[in-house]
Amino acid sequence: GSSPLVGELSAVFATIDDEPLLAALAHYRWTGRPGWSLRALWRSYLAGYVLGFGTTNELVRRLQDDAALREVCGFDGLPSRWTFNRFISRLSRHADVVEGVLAALTDRLHELLPDFGKGLAVDGSTVRSWSNPNHGSDPEASFTGKKNAHGKTQWGWGYKLHLVVDARYELPIAATVTTASDHD
């Protein structure tokens with residue numbers, strides 16, 4: 001079935017000023033066919049974040065099953081997961097522009113919601129790196145240990161995402177990524 005968030009996603013897409021990001025992403029030399037719409041790929045990436053998908057495969061499966069979500073993102077057909085992976089790789093090279101777009105959206109939320117940012121929640125979550133720690137392929141990642149519900153230390157390799165979130169609206173206000181061994 002269709003996601004109840006499709007209308008909300010549409011409102012977010014209408015509010016966010018993503019033109020600087022789309023312009024930065026467009027500065028690549030195309031070879032072969034023109035490819036998929038950058039706007040549709042960006043919107044689907046945002047939708048995947050809002051809907052809490054942890055992987056590209058989850059996003060692609062949902063887009064396959066949900067015609068309304070495909071439509072609100074701007075797809076006529078559906079790209080392969082490899083297209084999404086290449087897009088995310090390209091997006092990662094413009095993290096500064098993405099941060100600027102999200103900061104402008106946060107500023108807009110302060111205008112639209114007078115009590116936005118009044119009640120905050122702060123937390124850090126480990127983000128797993130898929131690199132092999134024994135081969136040094138990700139020199140910025142590190143190990144972290146955290147006790148689970150049974151008191152046993154669970155070890156992880158990667159990074160830590162630190163968030164400040166508006167507790168009422170459950171929307172992020174600020175974020176930073178550090179190596180996993182950094183404390184909250």
Side-chain angles (χ1 to χ4, degrees), residues 1-113 116-117 121 123 125-130 158-159 161 163-175 177:
S2 178
S3 167
L5 292 177
V6 167
E8 293 172 22
L9 285 171
S10 186
V12 168
F13 297 157
T15 303
I16 193 167
D17 179 15
D18 52 11
E19 294 305 321
L21 176 62
L22 295 172
L25 292 171
H27 286 287
Y28 287 85
R29 181 178 167 210
W30 287 98
T31 58
R33 65 187 207 91
W36 294 91
S37 159
L38 292 172
R39 184 178 309 280
L41 289 165
W42 166 242
R43 286 180 173 184
S44 65
Y45 178 78
L46 287 175
Y49 175 78
V50 169
L51 296 171
F53 300 143
T55 66
T56 303
N57 287 340
E58 285 179 85
L59 172 61
V60 171
R61 279 192 296 273
R62 180 60 176 270
L63 286 165
Q64 286 171 336
D65 295 340
D66 193 337
L69 183 59
R70 278 194 311 274
E71 184 179 332
V72 77
C73 289
F75 288 117
D76 291 331
L78 191 60
S80 70
R81 69 182 176 104
W82 304 111
T83 300
F84 285 100
N85 289 339
R86 284 190 301 272
F87 175 75
I88 292 167
S89 176
R90 183 189 296 186
L91 194 61
S92 71
R93 292 190 293 272
H94 297 284
D96 56 334
V97 183
V98 172
E99 287 177 19
V101 167
L102 297 177
L105 183 59
T106 301
D107 291 344
R108 181 84 173 110
L109 286 171
H110 281 287
E111 294 171 16
L112 296 172
L113 306 169
F116 182 71
D123 196 15
S125 297
T126 302
V127 178
R128 197 170 143 183
S129 173
W130 294 100
Y159 299 90
L161 172 64
L163 286 174
V164 177
V165 178
D166 180 284
R168 178 175 180 194
Y169 296 105
E170 299 179 8
L171 294 169
I173 294 176
V177 177

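Note that the structure is a prediction, hence the values are computed from the model and not measured.
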(request) Go through Ile16 and Trp42 one step at a time and tell me if the side chain to side chain contact (heavy atoms under 4.5 Å, CB included) criterion holds. (result) CA-CA 11 Å; Ile16 193 167; Trp42 166 242; 4.3 Å; yes
Counting neighbours of [atom1] on [X] that are heavy atoms of other residues, nucleotides or ligands and sit closer than 6.0 Å, is the number greater than 12?
X	atom1	answer
Tyr49	OH	no
Tyr45	OH	no
Glu19	CD	yes

Residues 71-81, side-chain donor-acceptor partners within the protein, below 3.5 Å, at least two apart:
from, atom 1, to, atom 2, distance (Å)
Ser80, OG, Trp82, N, 3.3
Ser80, OG, Thr83, N, 3.3
Ser80, OG, Thr83, OG1, 3.3

(message) With heavy-atom distances below 4.5 Å as the criterion, would you say the side chains of Leu109 and Leu171 are in contact?
(response)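 In contact.
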From [X] [atom1] over to [Y] [atom2], what is the distance, rounded to the nearest 0.5 angstrom?
X	Y	atom1	atom2	value
Leu9	Ser44	CG	OG	11.0 Å
Leu59	Leu51	CG	CG	8.5 Å
Leu102	Asp17	CG	CG	11.5 Å

Looking at every non-hydrogen atom in both residues, tell me the closest pair between [X] and [Y] and how far apart they are.
X	Y	result
Arg93	Ser89	NH1-OG, 3.3 Å
Ala175	Leu163	CB-CD2, 3.4 Å
Thr15	Arg108	CG2-CG, 3.8 Å
Asp166	Gly117	OD2-N, 2.5 Å
Leu69	Ala47	CD1-CB, 4.1 Å

(message) Using side chain to side chain contact (heavy atoms under 4.5 Å, CB included), reason through Leu25 and Leu41 one step at a time and then give a plain yes or no.
(response) CA-CA 11 Å; Leu25 292 171; Leu41 289 165; over 6 Å; no
(request) For Thr56 and Ile88, run side chain to side chain contact (heavy atoms under 4.5 Å, CB included): C-alpha distance rounded to whole Å, both residues' side-chain angles, the deciding distance at 0.1 Å, then the answer. (result) CA-CA 9 Å; Thr56 303; Ile88 292 167; 3.8 Å; yes
(request) Take Leu38 and Phe87, measure what side chain to side chain contact (heavy atoms under 4.5 Å, CB included) needs, and give me the verdict at the end. (result) CA-CA 8 Å; Leu38 292 172; Phe87 175 75; 4.2 Å; yes
(request) Kindly determine whether Glu58 and Arg61 satisfy salt bridge (charged side-chain N to carboxylate O under 4.0 Å, His left out), including the steps that lead there. (result) CA-CA 5 Å; Glu58 285 179 85; Arg61 279 192 296 273; 5.5 Å; no
(message) I'd like to check the salt bridge (charged side-chain N to carboxylate O under 4.0 Å, His left out) partners of Asp18; sequence neighbours left out, ordered by chain and number.
(response)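 If we apply the salt bridge (charged side-chain N to carboxylate O under 4.0 Å, His left out) test to Asp18, skipping adjacent residues, the hits are Arg39.
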(request) Kindly assign one of parallel, tilted or perpendicular to the pair His110 and Phe116, based on the angle between their ring planes and the thresholds 30° and 60°. (result)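 Plane angle over 60°, so perpendicular.
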